[in-house]
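Numbering starts at 1 and runs along the sequence shown.
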Amino acid sequence: MTTFEITQLLAGFIGTLGFGILFNIRGRRLAAVAFGGFLSWGLFIAANHLIPNEPIDYFIVAAVVSLYSEIMARILKTPATPIATTSLIPLIPGGSLYYTMTSALESDFNDFLGKAVATLKLAGALALGIIIVTTVSQALFRRRKKRAVTVHD
């Protein structure tokens with residue numbers, strides 16, 4: 001791991017910590033969120049080395065961090081959504097969106113279209129990773145809860 005990647009990991013941790021504070025997350029939840037930001041960027045670096053396809057990397061990281069969020073939500077007895085959304089802050093495709101909007105404002109519509117499609121792929125992969133894990137975990141949790149009620153009756 002290079003010094004640059006270590007710096008990126010620390011930036012992911014500190015940036016996510018800052019967003020956690022901004023979103024009024026406190027205590028152990030704030031620690032879980034900050035670690036989630038560290039985890040999301042670390043997984044992205046690793047995935048990018050293994051699979052140099054950004055949308056696939058985004059999907060994989062979003063799915064793993066969403067699973068982490070679901071687990072931490074059960075441990076901390078809190079909703080998973082604030083943990084997941086804040087932990088995935090380092091993956092927001094801000095640079096890509098900036099360059100997309102710059103191309104639009106400069107009336108370079110060929111460049112705009114290519115960059116817009118790339119940005120939408122990243123955002124879609126991120127959303128898809130979150131949706132799949134959240135849906136599956138909620139279905140499993142309901143099933144487990146229903147089974148527990150049936151056994152006790």
Side-chain angles (χ1 to χ4, degrees), residues 1-138 140-141:
M1 182 168 283
T2 66
T3 307
F4 181 65
E5 290 171 337
I6 292 169
T7 305
Q8 287 180 340
L9 288 171
L10 288 173
F13 179 85
I14 293 168
T16 305
L17 180 68
F19 271 96
I21 292 168
L22 184 68
F23 295 153
N24 288 324
I25 299 172
R26 305 211 191 293
R28 292 180 2 179
R29 293 180 197 127
L30 184 60
V33 162
F35 179 75
F38 177 85
L39 177 68
S40 69
W41 196 253
L43 288 171
F44 178 73
I45 290 171
N48 204 11
H49 284 303
L50 296 172
I51 307 165
N53 183 328
E54 242 184 341
I56 292 173
D57 298 340
Y58 268 59
F59 173 77
I60 291 168
V61 174
V64 172
V65 172
S66 293
L67 182 62
Y68 163 78
S69 300
E70 292 291 335
I71 292 167
M72 291 309 295
R74 303 293 183 267
I75 292 170
L76 299 173
K77 295 177 178 43
T78 189
T81 305
I83 297 172
T85 54
T86 312
S87 294
L88 290 168
I89 289 287
L91 291 181
I92 302 288
S96 180
L97 185 58
Y98 171 80
Y99 291 118
T100 302
M101 294 287 86
T102 301
S103 296
L105 292 173
E106 292 174 351
S107 299
D108 186 354
F109 293 111
N110 289 330
D111 193 38
F112 165 76
L113 195 56
K115 289 183 181 190
V117 168
T119 302
L120 288 173
K121 282 181 186 177
L122 296 179
L126 198 59
L128 195 59
I130 295 168
I131 289 168
I132 289 173
V133 171
T134 302
T135 304
V136 169
S137 68
Q138 285 180 356
L140 291 174
F141 186 68

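- Between atom CG of residue L9 and atom CZ of residue F4 there is a gap of 10.5 Å, rounded to the nearest 0.5 Å.
- Across every non-hydrogen atom of A62 and A125, the tightest pair is CB-O, 4.4 Å.
- Around atom CZ of R74, more than 12 heavy atoms belonging to other residues, nucleotides or ligands sit under 6.0 Å away.
- At distances below 3.5 Å, at least one donor-acceptor pair connects side-chain atoms of T100 with backbone N or O atoms of K115.
- Between E54 and F44 the shortest side-chain heavy-atom distance falls below 4.5 Å.
- Between the CG atom in L30 and the CG atom in N24 there is a gap of 10.5 Å [rounded to 0.5 Å].
- F23 CZ: more than 12 foreign heavy atoms inside a 6.0 Å radius.
- Considering I130, T135, L128 in turn, L128 is the only one that fulfils the side-chain contact (heavy atoms from CB on, under 4.5 Å) rule with I132.
- Between D111 and E106 there is no side-chain heavy-atom pair separated by less than 4.5 Å.
- L22 CG to L17 CG: the interatomic distance, rounded to the nearest 0.5 Å, is 11.5 Å.
- Of all non-hydrogen atoms in L122 and P93, the two that sit nearest each other are CD1-CB, 3.9 Å.
- Looking at S40, its side chain does come within 3.5 Å of a backbone N or O of S87 through a donor-acceptor pair.
- Between the side chain of Y68 and the backbone N or O of I83, no donor-acceptor pair lies under 3.5 Å.
- Between L91 and V65, the closest side-chain pair of non-hydrogen atoms is not below 4.5 Å.
- Note that CD1 of I21 and OG1 of T86 are 11.5 Å apart. Values are rounded to the nearest 0.5 Å.
- What you find for S69 and A84 is that their closest heavy atoms are OG-CA, 3.1 Å.
- Within the 4.5 Å cutoff, side-chain heavy atoms of I6 are placed close to those of M1.
- A pairwise comparison of heavy atoms in P90 and G37 identifies CG-O, 3.8 Å as the closest pair.
- In plain terms, the two heavy atoms of R29 and K77 that are nearest each other are NH2-O, 4.3 Å.
- Looking at F59 and L126, their side chains never come closer than 4.5 Å, going by heavy atoms from C-beta outward.
- Side-chain contact between L67 and S137: absent, with no pair of heavy atoms (C-beta onward) separated by less than 4.5 Å.
- N48 contributes atom CG, which lies 9.5 Å from atom OH of Y58 (distance to the nearest 0.5 angstrom).
- In this structure, P79 and A73 approach most closely via the heavy-atom pair C-CB, 3.9 Å.
- Taking the six-membered ring for Trp and thresholds of 30 and 60 degrees, F112 and F109 have ring planes more than 60 degrees apart, a perpendicular arrangement.
- Contact of the F38 side chain with the L10 side chain is not registered, since no non-hydrogen atoms from C-beta on lie closer than 4.5 Å.
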